[in-house]
Amino acid sequence: MMRAGWNPNRVTFINILAAVSSLSLCKVGQQIHAQVIKYHIAGDTTIENALLACYGKCGEMDECEKIFSRMSDRKDDVSWNSMISGYIHNELLLKAMDLVWFMIQRGQRLDHFTFATVLSACASVATLERGMEVHASALRACLESDVVVGSALVDMYSKCGRIDYALRFFDMMPIRNVYSWNSMISGYARHGHGDKALRLFSRMKLDGPPPDHVTFVGVLSACSHAGIVDEGFKHFKSMSQVYGLAPRMEHFSCIVDLLGRAGACGRANGRKTELGRKAADMLFEMEPQNAVNYVLLANMYASGGKWEDVARARKLMREAEVKKEAGCSWVTMKDGVHVFVAGDKSHPEKDLVYEKLKELNQKMRDAGYVPQTKYALYDLDQENKEELLGYHSERLAVAFVLTRNSGLPIRIMKNLRVCVDCHFAFKFISKIVGRQIVLRDSNRFHHFDDGKCSCGDYW
DNA sequence: CAATACACCG
C-alpha cells in the first residue's frame with residue numbers, strides 16, 4: 001500500500017495493531033508504534049488503546065504503563081479495561097486489583113468488560129471471597145443480568161468450589177449464551193458430577209444454543225472424570241458426525257485421558273487403546289514440548305499395567321527434554337494468602353507447621369495409614385520416597401491451617417494434581433481432626449469428610 | 001481498541 005503511494009491513516013493502524021496483537025508479535029508492534037509516532041497520530045485515544053492491547057498481549061506492561069500515564073485525560077473505558085486485562089494476562093493480579101480499586105474510589109462506573117475480566121481473575125486464583133465482592137459490585141452496577149457478566153459468575157463460582165452457587169445463578173439467568181452453558185457443563189465436569197454434566201448437555205441440545213468445540217471439551221472431560229467410557233466415545237463421534245465439528249487437540253487429550261482413567265487399555269479394548277496411542281501421536285506432533293502429553297500416555301499405559309510402555313513413554317519425554325511446572329499449594333486466611341512448595345522452609349511459621357505435621361503423621365500411622373510409595377514414580381529407596389511424599393505442598397498447607405483455630409472447612413488450592421499418597425493421607429487427616437477439607441487440585445475438587453473423599457478415589 | 005467458556009498437569 002505504501003509502495004503504491006498511499007499513506008496509512010489511523011484506521012490503517014488500528015487494524016494493523018489488532019492483527020499484530022492477535023499474533024502477539026512484539027517486535028512488529030514496536031515498529032508500528034514508531035510509525036504511529038512518525039505519522040503524528042500517537043495522541044489519538046483509539047490508537048493508544050490499540051497499542052495498550054498490543055503491548056499487554058506481548059507481556060510488555062512497562063510500556064503499557066508509560067502509554068497509560070501519558071494519556072492523562074484522554075483515557076476512556078477501553079483504556080482502563082485494557083490495562084486491567086493486560087495485568088491479569090501477565091499474572092500481575094495485585095496491580096489489576098489496585099487499578100480496579102482506584103476506579104471505584106474515583107467513582108468511575110465499571111462496565112461489563114471490567115466485571116468479566118476481573119471475575120476471570122478471581123476464578124483463576126480461586127478466591128471466592130473476592131469473587132463474591134465483585135458479584136455484589138456487579139449487582140450494584142445493575143449488570144448482574146448481563147449475559148457476559150453472568151457467564152463469568154457461573155465460571156467463578158464453579159472454580160472457587162461453589163458449584164451450588166454456580167447452578168443457582170445459572171438457573172436465574174434471564175439470557176444464556178453458549179458461554180453460560182459451557183461454563184456450567186465444565187463446572188460439573190470439574191466437580192466430578194459427570195451425570196449432571198451429561199443431563200445438562202441433553203437439555204442444551206433441546207433448548208440451548210448449538211454446542212461448540214468447547215462444549216465437547218466439557219462433555220468429554222465429564223465422561224473422563226466420571227469414568228463413563230462408552231458414552232464418552234458416543235459423544236466424541238457425534239461431535240463430527242452430528243454437529244460437524246472437527247475434533248481438535250484438546251478433544252484427543254480428553255480421549256486419551258478417558259481411556260487412561262477408566263483403565264480401558266488393560267481390558268479387552270485393544271481397538272480403543274490403539275485409538276489412544278494414535279491420539280497421543282497426534283498430540284506429540286502438534287506440541288512436542290508439552291510435558292503433559294507424555295504424562296498422559298504414560299498414565300494410560302500405567303493404568304493397564306503395561307510397564308514397559310510406561311517406561312518407553314517416559315523415555316520419550318526425557319528425550320524431548322520437556323520441563324514441568326513446580327508444584328505449590330495455597331490457602332486464604334484472614335491475614336492473607338499463604339503459599340507452600342514441597343519441602344518448603346521459607347514460611348515464617350515453618351517450625352509450628354513441621355511440628356504439626358509430625359504430630360499428624362504419628363496419629364495417621366496409629367490410625368493405619370501407610371505411605372503409598374509404589375505410586376511415586378521416583379527411582380529412590382523406600383525411606384527417601386516416604387520423606388519426599390510426606391512434605392508435599394498440600395500437607396504443609398493443611399498442617400499450617402491446623403496450627404490456627406477454627407471449625408470451618410479447610411480450603412486448599414494446588415496447582416498440580418494431588419498424588420495418590422496425599423489423597424490417602426487427607427482422608428485420614430479429615431477423620432483425625434474432624435474437619436471437612438476441600439482440596440482443589442489442577443484437575444478438580446476433592447471434598448474430604450470423615451475419612452472419605454467425594455471423588456470416590458477416582459480422579 | 002477492551003470481555004466471559006476449554007482437556008491434559010511426577
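Hydrogens, waters and symmetry mates play no part in the numbers below; they use all other heavy atoms, side chains included. Numbered from 1 within each chain, the chains take letters A, B, ... in sequence-line order.
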**Q** Measure the distance from CG on A:Asn49 to C1' on B:dC1 and round it to the nearest whole Å.
**A**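 It works out to 5 Å between those atoms.
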**Q** Tell me which nucleotide among B:dA2, B:dC1, B:dA5 gets nearest to the side chain of A:Lys57.
**A**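 Of all the options, the side chain of A:Lys57 is nearest to B:dA2.
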**Q** If we ignore angles and hydrogens, is there a donor and acceptor under 3.5 Å between the side chains of A:Tyr179 and A:Asp212?
**A**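 No.
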**Q** Could you work out which one of B:dC1, B:dC6, B:dA5 sits closest to the side chain of A:Val217?
**A**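 That would be B:dC6.
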**Q** For A:Ile67 and B:dA2, give me the distance from atom CD1 to atom C1', rounded to whole Å.
**A**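 Rounded to the whole Å, the gap is 15 Å.
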**Q** Between A:Leu258 (CG) and B:dC6 (C1'), how many Å, whole number?
**A**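 Rounding to the nearest Å, CG of A:Leu258 and C1' of B:dC6 are 17 Å apart.
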**Q** On the nucleotide B:dA3, are OP1 or OP2 found under 4.0 Å from the side-chain N or O atoms that A:Ser85 carries?
**A**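 So the side-chain polar atoms of A:Ser85 do come within 4.0 Å of the phosphate oxygens OP1 or OP2 of B:dA3, strictly under.
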**Q** Closest to the A:Asn177 side chain: B:dC8, B:dT4, B:dA2?
**A**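 Closest nucleotide to the A:Asn177 side chain: B:dT4.
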**Q** From B:dA3, B:dA7, B:dA5, pick the nucleotide closest to the side chain of A:Val214?
**A**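 Looking only at side-chain atoms, A:Val214 lies closest to B:dA5.
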**Q** Identify whether any heavy atom of A:Arg190 sits under 4.0 Å from a base atom; if not, whether one sits that close to sugar-phosphate; answer base, sugar-phosphate or nothing.
**A**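 Result for A:Arg190 = sugar-phosphate.
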**Q** Quick check: do A:Met71 and A:Leu52 have side-chain heavy atoms less than 4.5 Å from each other?
**A**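 They are in contact (side-chain heavy atoms under 4.5 Å apart), so the answer is yes.
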**Q** Figure out the CG/P separation between A:Leu119 and B:dA3, and round it to whole Å.
**A**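 Interatomic distance, CG of A:Leu119 to P of B:dA3: 14 Å.
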**Q** For A:Asp155, enumerate each residue passing the salt bridge (charged side-chain N to carboxylate O under 4.0 Å, His left out) test, keeping only those at least two apart in sequence or located in another chain.
**A**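 A:Asp155 satisfies salt bridge (charged side-chain N to carboxylate O under 4.0 Å, His left out) with A:Lys159 only.
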**Q** Can you tell whether the side chains of A:Glu65 and A:Lys95 come within less than 4.0 Å, N to carboxylate O?
**A**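 Looking at A:Glu65 and A:Lys95, the cut-off is met.
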**Q** Quick one, A:Leu220 and A:Leu258 - any side-chain contact, counting heavy atoms below 4.5 Å?
**A**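 Sidechains of A:Leu258 and A:Leu220: no contact.
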**Q** Out of B:dC1, B:dA7, B:dA3, which nucleotide sits closest to the side chain of A:Glu250?
**A**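 That would be B:dA7.
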**Q** With sequence neighbours left out, write down each residue that passes side chain to side chain contact (heavy atoms under 4.5 Å, CB included) with A:His89, or none if nothing qualifies.
**A**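 Result, side chain to side chain contact (heavy atoms under 4.5 Å, CB included) vs A:His89: A:Ser85.
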**Q** Side chain of A:Lys159 only, please: which of B:dC6, B:dA3, B:dC8 is the nearest?
**A**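 Output: B:dC6.
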**Q** Is a salt bridge present between A:Asp421 and A:Arg395, judged by a nitrogen-to-oxygen distance below 4.0 Å?
**A**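 Yes, A:Asp421 and A:Arg395 are salt-bridged.
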**Q** Have a look at A:Asp212 and say if it touches a base, only the backbone sugar-phosphate, or nothing, with a 4.0 Å heavy-atom cut-off.
**A**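 The answer is base, as A:Asp212 lies within the cut-off (heavy atoms under 4.0 Å) of a base atom.
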**Q** Can you identify which nucleotide, out of B:dC1, B:dA7, B:dA3, has its nearest atom closest to the A:Ser253 side chain?
**A**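 Taking heavy atoms from C-beta onward, the closest nucleotide is B:dA7.
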**Q** A:Met156 CE to B:dT4 P: how many Å, rounded?
**A**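 Computing the A:Met156:CE to B:dT4:P distance gives 15 Å.
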**Q** Salt bridge or not between A:Lys66 and A:Asp62? Use side-chain N to carboxylate O under 4.0 Å.
**A**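 No, no charged N to carboxylate O under 4.0 Å.
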**Q** Rounded to whole angstroms, how far apart are CG on A:Leu220 and P on B:dC8?
**A**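 So the two atoms are 11 Å apart, to the nearest Å.
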**Q** State whether A:Lys414 and A:Asp441 are salt-bridged, where the test is any N-O pair (Lys NZ or Arg NE/NH1/NH2 against Asp/Glu carboxylate O) under 4.0 Å.
**A**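 So A:Lys414 does not pair with A:Asp441 through a salt bridge.
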**Q** Taking only the side-chain heavy atoms of A:Ser82 (C-beta and beyond), determine which of B:dC1, B:dA2, B:dA5 contains the nearest atom.
**A**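 When the side chain of A:Ser82 is considered, B:dA2 is the closest of B:dC1, B:dA2, B:dA5.
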**Q** May I ask you to evaluate whether A:Arg176 reaches the phosphate of B:dA5, defined as a side-chain N or O under 4.0 Å from OP1 or OP2?
**A**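 So the side chain of A:Arg176 is outside the cut-off, no N or O lying under 4.0 Å from OP1 or OP2 of B:dA5.
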**Q** Nearest to the side chain of A:Cys254, which nucleotide is it out of B:dC1, B:dA7, B:dA3?
**A**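 Of the options given, the side chain of A:Cys254 lies nearest B:dA7.
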**Q** So, is A:Lys75 near the phosphate of B:dA2, with a side-chain N or O under 4.0 Å from OP1 or OP2?
**A**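 No, outside the criterion.
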**Q** Give the residues of residues 235-245 of chain A touching DNA chain B, defined as any heavy atom closer than 4.0 Å, sorted by residue number.
**A**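 Output list: empty, so none.
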**Q** Could you state the atom-to-atom distance from CZ of A:Phe216 to C1' of B:dA7 in whole Å?
**A**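 Going from A:Phe216 (CZ) to B:dA7 (C1'), I get 14 Å.
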**Q** What is the distance, to the nearest angstrom, from the CE atom on A:Met173 to the C1' atom on B:dA5?
**A**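 It is 11 Å, rounded to the nearest whole Å.
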**Q** Base, sugar-phosphate or nothing for A:Asp77? Non-hydrogen atoms, less than 4.0 Å.
**A**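 Nothing, no nucleic acid heavy atom in range.
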**Q** Nearest to the side chain of A:Ser151 - B:dA7, B:dA2, B:dT4?
**A**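 Closest nucleotide among those given: B:dT4.
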